[in-house]
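If you read the sequence from its start, that first residue is 1, and numbering goes on from there.
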Amino acid sequence: MSRRAPVIAIVIGLLNIVVAGVGLANGVEPFATWFYQFSWLSVLLILDGVIAITGAAGTKGEFLLLDRPRHLTSLLAWSAVVWIFYELLNFRLQNWYYVNLPVSLPIRWVSTVVAFATVLPAVFLSFTFMRGMGVARNTRWKPFHIGHKLHWLRIAGVIMMGLVLVWPKYFYALVWGATTLLVEPWVYKKAPQRSLLHDLEQGNPGRLLRLLAGGVLIGFLWESLNIAARAKWIYTVPGLEDLKLFEMPLLGFLGFPPFTLECFVLWQAFVVAGVALPRDEKRFPASATRRMAASIAAVVLCVGVLWQMDRQTITSHVPRLGDLAGRHETALRAAGVHNIYQLSFATSSVLATQLGVAPDSARVLVQGARLVTLKGIGTHYAAMLQANGIASVEELARADSQELASRMQETSGEPVSSARVRVWVKAAKRAVARSATSQR
């Protein structure tokens with residue numbers, strides 16, 4: 001690539017973030033819904049450009065990823081598989097869920113896979129960025145003697161994963177470490193040069209420390225970009241929901257550093273198994289049968305988990321005006337109200353005049369829109385709330401979350417997560433408090 005390519009990449013990334021931000025601020029689609037995807041891909045482009053300028057990838061002007069399209073393709077594919085694995089675990093953990101995703105299944109699945117495919121690239125870009133910044137460049141520790149500890153590491157990993165799966169309410173945090181202890185000993189035995197344990201055995205913790213530091217960076221960026229987007233994830237972490245930075249409970253940020261270690265270890269395992277292509281493109285030996293089997297297994301896993309996500313952890317789709325407004329949809333569009341978000345900001349008295357309806361009818365429409373858009377509740381669950389006497393954010397704020405969840409489940413005949421209802425009630429209380437403050 002030309003010497004100007006890194007600068008061009010950075011400029012394109014910055015411009016894309018600005019455009020997405022302006023679109024978000026003005027409620028313009030697709031930027032308002034897909035702000036995270038637009039801005040996050042731009043951040044990765046910027047990071048790769050900065051790495052090329054600083055020479056952190058090897059030589060100045062060399063991108064970490066854009067110069068290696070075959071490696072990048074492999075990294076993107078296995079990144080999706082890695083995060084799908086954690087989505088599989090989340091069926092048991094129930095620690096996060098997604099809102100306002102596309103109604104169309106093909107678009108929803110493709111956009112979800114694209115988002116998941118950026119996880120490993122982010123880990124390696126942040127790691128390489130930290131290397132370029134000189135983080136832990138000359139740090140040395142007392143050599144760590146491995147000996148027979150590999151066996152005990154595996155046992156610890158099994159115990160941790162067992163605790164996570166059996167008692168997720170109390171041991172969910174151990175999920176960010178169990179996989180490392182299970183997989184890293186195998187990587188150490190098969191290819192020590194790719195092992196973090198081998199680094200510690202040599203008294204060189206630099207790679208590990210840069211991964212941890214990179215985890216702090218990408219964790220902050222992930223959450224800061226997620227908070228404003230309409231299509232996003234929301235956490236339901238037991239006992240940690242009252243003290244948050246963005247959507248993430250403060251203590252939850254401690255999970256990002258060990259998560260980056262898990263991503264690094266899993267990627268090395270794929271490389272050593274011969275099913276993933278490393279950056280130097282020196283593929284480890286593996287039979288065609290093994291690679292084909294791994295690819296088929298990965299596809300089956302992804303499809304199965306995506307199918308189940310639609311039933312368990314994707315709780316709402318992009319709300320459609322017609323689902324809420326019914327016969328008033330045409331009149332609302334004629335009045336310049338083209339989506340539920342615009343309706344949620346409308347003034348009832350003005351809307352009543354525009355539509356030629358009674359003030360009470362206009363107020364019901366506005367209250368319904370505000371309920372639908374609160375924390376991504378969506379039209380389906382908003383209808384369930386209304387069927388149980390909750391027609392506004394104010395009424396939701398006065399509800400008891402546990403009792404309301406039980407009532408919704410009983411009247412609808414479908415499972416209703418009390419944790420998600422708890423998130424809604426807390427969000428309603430904050431919205432009411434903000435409204436009261438602004439009216440003083």
Answer yes or no: is there a side-chain heavy-atom contact under 4.5 Å between [X] and [Y]?
X	Y	answer
Leu324	Pro319	no
Val372	Ile377	no
Val183	Leu266	yes
Leu200	Ile146	no
Ile53	Ile10	yes
Arg279	Leu64	yes
Leu196	Phe264	yes
Ile84	Leu306	yes

Strictly distance-based, threshold 3.5 Å: is any side-chain N or O of [X] a donor or acceptor partner for the main-chain N or O of [Y]?
X	Y	answer
Ser316	Gly376	yes
Ser79	Leu120	yes
Arg140	Asn204	no
Arg291	Ser287	no
Asp48	Leu65	yes
Ser344	Thr373	no
Gln409	Val416	yes
Asn90	Asn95	yes
Ser224	Leu221	yes
Arg370	Val393	no

Centre-to-centre under 6.0 Å for [X] and [Y], is that the case here?
X	Y	value
Phe256	Trp176	no
His71	Trp78	no
Phe253	Trp222	no

Rounded to the nearest 0.5 Å, what separation is found between the [atom1] atom of [X] and the [atom2] atom of [Y]?
X	Y	atom1	atom2	result
Arg131	Leu211	CZ	CG	10.5 Å
Trp34	Gln37	CH2	CD	5.0 Å
Met130	Leu212	CE	CG	10.5 Å
Ser392	Leu374	OG	CG	10.5 Å
Met384	Ile390	CE	CD1	12.5 Å
Asn100	Lys375	CG	NZ	11.5 Å

Considering all heavy atoms, the nearest [X]-[Y] contact:
X	Y	answer
Ser418	Ala405	CA-CB, 3.7 Å
Phe35	Ala229	CB-CB, 4.0 Å
Ser42	Gly13	CB-O, 3.3 Å
Leu165	Arg92	O-NE, 2.5 Å
Ala117	Leu76	O-CD2, 3.2 Å
Val123	Thr260	CG1-O, 4.0 Å

| request: Evaluate side-chain contact (heavy atoms from CB on, under 4.5 Å) for Ile314 paired with Tyr97, printing each intermediate quantity in order. | output: CA-CA 6 Å; Ile314 295 175; Tyr97 63 95; over 6 Å; no

NZ or CZ of [X] within 45° of [Y] ring axis and under 6.0 Å:
X	Y	value
Lys149	Phe144	yes
Arg68	Phe63	no
Arg230	Tyr341	yes

| message | Quick one, Glu262 with Tyr86, criterion side chain to side chain donor-acceptor pair (under 3.5 Å). Give me CA distance, side-chain angles, the key distance, then yes/no. | response | CA-CA 11 Å; Glu262 297 221 324; Tyr86 288 104; 2.2 Å; yes

Is the [X] ring parallel, tilted or perpendicular to the [Y] ring (thresholds 30°, 60°)?
X	Y	value
Trp267	Phe124	perpendicular
Trp83	Phe259	perpendicular
Trp233	Tyr36	perpendicular

| task | Begin with the C-alpha distance, continue with both residues' side-chain angles, and end with the deciding distance and a verdict on side chain to side chain donor-acceptor pair (under 3.5 Å) for Thr180 and Glu184. | result | CA-CA 5 Å; Thr180 297; Glu184 172 64 12; over 6 Å; no

| Got a sec: does the CG of Asp280 have more than 12 other heavy atoms crowding it under 6.0 Å? |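 Atom CG in Asp280 is crowded, with more than 12 foreign heavy atoms closer than 6.0 Å.
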
| query | Under 6.0 Å from the CZ atom of Phe345, do we count more than 12 heavy atoms belonging to anything else shown? | reply |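 12 or below, so no.
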
| query | Can we say Glu395 and Lys429 salt-bridge, meaning some charged N sits less than 4.0 Å from an Asp/Glu carboxylate O? | reply | no

| query | Passes side chain to side chain donor-acceptor pair (under 3.5 Å), Glu223 versus Tyr235? Steps please. | reply | CA-CA 11 Å; Glu223 299 303 329; Tyr235 295 99; 2.5 Å; yes

Would you please say whether a donor-acceptor pair under 3.5 Å links the side chains of [X] and [Y]?
X	Y	result
Asp310	Trp109	yes
Ser195	Gln268	no
Thr118	Trp40	yes
Gln402	Arg422	no

| Checking side-chain contact (heavy atoms from CB on, under 4.5 Å) for the pair Leu277/Thr73: CA distance, chi angles, key distance, verdict? | CA-CA 9 Å; Leu277 186 68; Thr73 301; over 6 Å; no

| field | Full working for side-chain contact (heavy atoms from CB on, under 4.5 Å) between Tyr98 and Ile234 | value | CA-CA 6 Å; Tyr98 300 92; Ile234 296 174; over 6 Å; no

| field | Qualifying residue for side-chain hydrogen bond (donor to acceptor under 3.5 Å, both in side chains) with Tyr188, from Arg194, Glu201, His198 | value |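 Among the candidates, only Glu201 passes.
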
| field | From CA spacing to verdict: side-chain contact (heavy atoms from CB on, under 4.5 Å), Leu396, Val432 | value | CA-CA 10 Å; Leu396 180 60; Val432 170; over 6 Å; no

| field | side chain to side chain donor-acceptor pair (under 3.5 Å) evaluation trace for Thr236 with Trp96 | value | CA-CA 6 Å; Thr236 55; Trp96 64 86; over 6 Å; no

